[in-house]
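Quick note: numbers below take in every heavy atom, side chains included, and nothing from hydrogens, waters or symmetry partners.
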Amino acid sequence: MTPAVPYPVLPRLSRSANHGALWFAAAAALAASRTPRARRAATRGLASLGLASLTVNALGKRTLRRARPAPLPLVGRLKRRPATTAFPSGQAAAAAAFATGVALESPAWGTVVAPVAASVVLSRGHSGAHLPSDVLTGAALGVGAALAVRGVVPTRGQVAPPARPRAEVPALPDGEGLVLVANTAAGSAERARALRDALPRAEVVECEPGDVPARLEKAAARARVLGVCGGDGTVNTAARVALRFRLPLAVLPGGTLNHFAYDLGIEDVRDLVRAVREGEAVRVDVGRYSCGGKHGVFLNTCSVGVYPELVRERERWSHRIGGWPAGVLAALRVLRADRHPLEAEFQGRTRPLWLLFAGNGTYHRMGLASGRRKDLADGQLDVRVVHGGRRPAVRLLAAALAGPLTRSPAHAAVQVGRLRLDHVAPGTLLAYDGEVIEVEGRVTLEKLPEALTVYRPIPSG
């Protein structure tokens, strides 16, 4: 019996997946969607693909040297048959790994990628390059690689912040009573308009950065719920107003960095709309700094030393070359500069410090990835100190890689409810939620437990 001739598109699809080209293109398309979940899905898919390819090529094919099957008739045959051994199928592993990695991070995007991946897996048997056992084993290895990556770097869903303490807030099914101020310079206009489409009776005010504080004040005077769309700096301004007017805050991420919203569990319009419609909210801690007549709040972090200098340097370049390139350039310039460490009295001792970082809540690791907060109402300031000394770049890197409770001659970390720095030199920079001010003398950092009420979707069950 003559073997069935495969559909002509399968060999082309199989060739397009050579060397991972199809999956790199798919990852680029996901990243271009500009949503955090899609970008994370693309990154997780590529990481899974990399682990699967390493496992297949470094272990499988070199250990079990199975020859390729006899070639199919000309129509179904690949133009150039692979020179490597057959077991297991590397392309099937790569396809399954990428699709599974994407689906673990974003089920919606996973349903888009899965049919393409399944077709690539099917094409390896139809092209005559593999036996069915080669393909099935490769696909199983790919799925296993994606699950292994998730074990090292959990998905956002695995480390969702606890939905506590619950707060009583008004449910606004059509948005009536919500006044949302959007910082147009943060590129948030599109998201703000999407929210207005979903909540037609909500009021959306779009304004330039310089007008944000005044517009928030006016919005708070007539709102049942104060909303804000922008980056962390804009959200910080809105939080101050919400605290003063004792209003619940609805946060829609719309900036380059949206740490507070993401740690809260809000990534896009759908998350916030669901919470506002259902009246779902929690109370979260707020950090407060004070120095002489200066005082303010922070939702994410507050720091003195090298990091505020980096923030100021990044702001100088971000308008010219973009946010991420500016951050890299700023880090290089600050760490290469011939600076002396900050002198300050910390925990009763005067010592040189390259960096003092205080997080509003304890930052935890996501496997081997950078940290994030699991609890925004734990009552703690997460304080990380990098002591002064030679080679600041090495010390800072060691502190970044260290665990949350590490102590060493170079750095230390403690959790406290209040912190005081004395004898801070004039002109010292302090950064809070991306903003920078100058401080001197005594600087006090403390917690305001469960001070702010914010909308966030409550997981079912």
Side-chain angles (χ1 to χ4, degrees), residues 6-57 60 78 82 88-127 129-130 132-160 190-191 194 253 262 265 267-271 366-367 369:
Y7 192 72
V9 76
L10 290 179
R12 298 193 190 98
L13 188 62
S14 183
R15 289 193 297 272
S16 72
N18 285 342
H19 309 296
L22 176 62
W23 310 122
F24 283 106
L30 288 174
S33 69
R34 300 178 62 185
T35 62
R37 189 176 284 115
R39 289 196 295 266
R40 289 199 309 274
T43 302
R44 185 173 296 278
L46 291 179
S48 303
L49 183 153
L51 179 59
S53 297
L54 179 64
T55 303
V56 168
N57 293 317
L78 290 174
S89 169
Q91 283 209 17
F98 183 83
T100 305
V102 168
L104 289 174
E105 190 69 59
S106 173
W109 280 112
T111 60
V112 175
V113 174
V116 181
S119 298
V120 170
V121 172
L122 180 63
S123 75
R124 300 312 292 169
H126 278 199
S127 65
H130 293 279
S133 58
D134 303 337
V135 175
L136 292 175
T137 303
L141 287 173
V143 172
L147 294 175
V149 170
R150 187 179 65 169
V152 176
V153 184
T155 61
R156 286 270 175 174
Q158 291 176 282
V159 288
E190 183 178 341
R191 286 194 170 191
Y262 294 163
E267 297 198 1
D268 53 31
V269 174
R270 290 173 297 176
D271 295 330
M366 292 175 62

request  = Answer whether the closest heavy-atom distance between the side chains of Arg150 and Arg44 falls below 4.5 Å.
outcome  = yes
What pair of heavy atoms forms the shortest contact from [X] to [Y], and how long is it?
X: Ala42; Y: Leu30; result: CB-CB, 3.9 Å
X: Ala117; Y: Ala95; result: CB-O, 3.6 Å
X: Ala99; Y: Ala114; result: CB-CA, 4.4 Å
X: Ala148; Y: Leu51; result: CB-CD2, 3.9 Å

For [X], which residues count as a side-chain contact (heavy atoms from CB on, under 4.5 Å) partner, sequence neighbours excluded?
X: Asp271; answer: Arg37, Ile266, Glu267, Asp268, Pro457
X: Ala93; answer: Ala52, Val56
X: Thr100; answer: Leu104, Val143, Ala146
X: Leu46; answer: Phe24, Ala27, Phe98

task = Let me know which of Thr111, Val113, Leu49 forms a side chain to side chain contact (heavy atoms under 4.5 Å, CB included) with Val102.
result = Val113
